[in-house]
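A quick write-up on the structure given underneath.
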Amino acid sequence: MLARTAERATAFTRRDAVRLLISATVLIAAVSLILSVDLFPPPPFGGQVGQPAPSDVYAPRSIEYTSQIQTQLQQAAARDAVAPQYDFTAAKGQQFAAQQVQAFETKVAPIDAAFKAVLTPAARQAALAAALPELSAAARTTLLSLDKASWDALRAEMEKTLDESQRQEVRDTDLPSARDGLAQRLSPDLSADQRALAAEIISPLLVANSSYDPALTKAAQDAAAAAVQPVTVHVTQGELVVLKGTRLTDADVEKLTALGVYDQHPDTARIGGWVLLTALLVGLLLAWVWRFRPEFWHRTNTLLLLGLLIVVATIGLELTSNRSILPYFLPLAAIGMLVAILLDAGAAIVLMGLMGAMAAVVVNSVELGVYVFLGGLAGIITVRRGERLQHFMQAALVMALTNMAVVGVFGLLGEQDLTGTLQLWGASIAAAAGSAVAAAGTFVVLGNVFGITTAFQLLELANPSQPLLRRLLLEAPGTYHHSLMVGNLGERAAEAIGADPLLVRVAAMYHDIGKLGDPGAFIENQAGKENPHDELSPEESAALIRAHVTDGIDLAYQYRLPKAIIAFIPQHHGTALMSYFFDKAKQQAIEAAGARSGTPEAEAAAASVDQSRFRHSGPRPQSREAAILMLADSVEASVRSLTSHEEPAVRAMVERIIIERLEDDQFDECDLTLRDLERIREAFVEQLLGMYHRRIAYPQNKVVELEARRAAGGRRGA
């Protein structure tokens, strides 16, 4: 049984391939289209350089580009930072120094001659006075006060200072300041008057040896500009690029152009990214459904429901993707709760995981992805099957706390400041409440639209005031009571193996409604009356018994029962053998052949009876719940017929029924394990012992005693 189940779950047929291709193509196309096309495109942006921006512009996507404008601005700044270049070289300085020292020698030659010649003091004074006629009076006075030794020392210092100064760069623009600084370059051992005299003598001899060179300057500017690295600009999706009313600069227009604001053509790279993301998510979802939920895979309505929920969630994310806080208000957790209620929690968890990944990519926020997944997971865990409104209220509270915790975590990690965290806490509460309200208000509608039976529908069908149950109570009371007993057994067994107890109970109440066509043909409704099967052949009896299945299906459709309940009507018998009538037919065949039991002739006569005419039409149970109902139906009827309801007898009967169904391959098409059968057996035995418990034998019925006393009192009063 287990091997066949595994084989059925892993075999990928051509039909599966076609279903996968159609489902994936439609869903990928729909989601990709939603993500690629702006549902509310802004009007064309016509702002130009120097004009006020006509509207706010937010980055439609994250980009990184090299800004020519900003690179050129930095290159211009680098050019401006280059100082003017001059043509001074060391050789040129040396050349100028030699020339000017020679000029110095020529200029002071008369003074040297006056000190070297043998002259009278008066003649020397006269010669010195005539040597440098351009000297100031103060300088001349200082010169006349010098002796030969002082002059030689001063002359050497002047020649040295002139030579050193002329060897260094002296720009033509800096010549006046260079000449003014000569006095400070002279030896401090000289007196102030001597330094003034020396500066006055050599200052005219200091000439510019460096001139501005346009070619060198341009080359230096070009080198500085070439050293500037290209400016890379990073723009994050949702970032405010231009504020309305701000005058646009060249850099603004360049950024808007890079973002494609001026270009209305579709971004093929972006579209390709969305298609790839959607294909990845949809492919994983469908593969998971095929692998782990084959019962959903083969239901078109279920795949349509999953696709619809994904499309709705995608629309919500796309509408709010350009806003920082609006995505946190989306009640996406409702998707997880709806799938958990309508399908199961496993599918809901997988879907919320994929929704979290999509939210993180669409809004470009890891925080939102975690927020969506963990909030949805909290709702799935808390809402359970959504049997009561209280479950939705509890789910809202747990989701709100979970969402707030996620926001708090990212706030502590530095993603949000205090104000942003408080705002997102408000969004968390609103999203949780909205998710609970949306799930509570739509799961019944979605269940009806997509043919999925909900807990509310089951509870409503279990109400004894339902017209079909009222008919069963009035027209076939024995069958009604039998259905209640089967429901009790099935519910207990379903709880033991983790199946759906409510579904089993409701299915048990309707599994035998076909007996309303001819209630007297079934022993539980005969109440001591004649049994019509005594007058019928075994084949006719088997056909009559088999007919209650088809009659039940017709009646179920007439009363518009959910398909999930209708499926139990043929499956609760599967292809089981009606052994009583089959044995009766074999006995009649033996008697007709005139053979004695146990002889080869009797065996041949018995073998001539066609067993298929005494089997139900099926199908075999397709789910654990249907298998439980099959066993509960057989066990209840068999145990009722026992003369003793002690535990050994009950346990033996239950075990015999289970073994017969197992050996008859009735469980080959459902995921029922041997461990499940063991738990079902124990649940049946415990429930049956409780139903048929022994009562205390009272010496006198108290109610009868009270009535007798009341009647006696009445007679005495009369």
Side-chain angles (χ1 to χ4, degrees), residues 1-9 294-295 298 479 482-483 486 489-490 493 499 503-504 507-508 510-515 517 521-522 533 536-557 563-586 606-638 653-674 676-677 680-681 684:
M1 177 177 63
L2 297 179
R4 295 182 185 181
T5 301
E7 180 181 357
R8 187 174 62 254
E295 66 274 18
H298 295 290
T479 300
H482 161 73
S483 299
V486 171
L489 286 172
L503 178 62
V504 174
Y510 291 91
H511 77 288
D512 271 344
I513 55 175
K515 294 180 179 180
F522 302 91
H533 295 285
L536 299 175
S537 67
E539 289 81 359
E540 292 173 334
S541 295
L544 182 60
I545 297 298
R546 191 186 298 113
H548 89 277
V549 172
T550 56
D551 292 344
I553 294 174
D554 294 338
L555 198 58
Y557 276 107
K563 292 182 180 179
I565 299 300
I566 297 176
F568 281 86
I569 296 176
Q571 291 179 32
H572 85 275
H573 281 304
T575 58
L577 178 68
M578 290 175 270
S579 56
Y580 176 80
F581 296 111
F582 179 57
D583 291 340
K584 184 177 179 181
K586 289 194 296 182
S608 65
V609 178
D610 185 2
Q611 188 184 88
S612 63
R613 301 180 64 181
F614 296 91
R615 283 192 176 274
H616 288 280
S617 302
R620 297 167 182 169
Q622 305 294 301
S623 64
R624 294 192 300 169
E625 287 80 6
I628 290 172
L629 181 59
M630 167 184 277
L631 291 173
D633 180 54
S634 301
V635 164
E636 197 281 329
S638 299
M653 177 60 75
V654 171
E655 189 165 352
R656 185 174 68 83
I657 295 295
I658 293 176
I659 291 175
E660 286 180 355
R661 296 294 181 267
L662 185 60
E663 291 177 347
D664 198 25
D665 299 330
Q666 294 301 311
F667 305 136
D668 282 6
E669 298 178 16
C670 65
D671 298 327
L672 203 63
T673 66
L674 295 177
D676 290 337
L677 291 174
I680 290 172
R681 185 190 67 176
F684 280 168

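Start at 1 with the first residue, then count along the sequence.
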Checking [X] side chain against [Y] main chain: does a donor-acceptor pair fall under 3.5 Å?
X	Y	result
Gln622	Arg620	yes
His511	Ala508	yes
His533	Ala521	yes
Asp664	Gln666	no
Arg681	Glu655	no
Arg624	Cys670	no
His572	Ile569	yes

Start with the C-alpha distance between Ile513 and Thr479, add both sets of side-chain angles, then the distance that settles side-chain contact (heavy atoms from CB on, under 4.5 Å), and finish with yes or no. CA-CA 8 Å; Ile513 55 175; Thr479 300; over 6 Å; no

Nearest 0.5 angstrom please: [X] [atom1] to [Y] [atom2], how far?
X	Y	atom1	atom2	value
Ser541	Lys584	OG	NZ	5.5 Å
Phe614	Ser579	CZ	OG	11.0 Å
Arg661	Leu577	CZ	CG	9.0 Å
Asp668	Leu662	CG	CG	8.5 Å
Ile680	Leu672	CD1	CG	4.5 Å

Which donor-acceptor pairs under 3.5 Å do the side chains of residues 625-632 make with protein atoms, sequence neighbours left out?
residue, atom, partner, partner atom, Å
Glu625, OE2, Asp500, N, 3.0

Of all heavy-atom pairs between [X] and [Y], which one has the smallest distance, and what is that distance?
X	Y	value
Phe684	Leu489	CE2-O, 3.5 Å
Ala585	Glu539	CB-OE2, 4.3 Å
Pro621	Gly574	CD-CA, 4.4 Å
Asp610	Ser612	OD1-OG, 2.8 Å
Arg615	Thr575	NH1-O, 2.6 Å
Ser638	Met653	CB-SD, 3.6 Å

Does CZ in Arg613 sit with more than 12 non-hydrogen atoms of other residues, nucleotides or ligands closer than 6.0 Å? no

So do Asp633 and Asp512 actually touch side chain to side chain, heavy atoms under 4.5 Å? yes

Heavy-atom side-chain contact between His573 and Met578 under 4.5 Å: no

Evaluate side-chain contact (heavy atoms from CB on, under 4.5 Å) for Glu295 paired with Ser623, printing each intermediate quantity in order. CA-CA 9 Å; Glu295 66 274 18; Ser623 64; over 6 Å; no

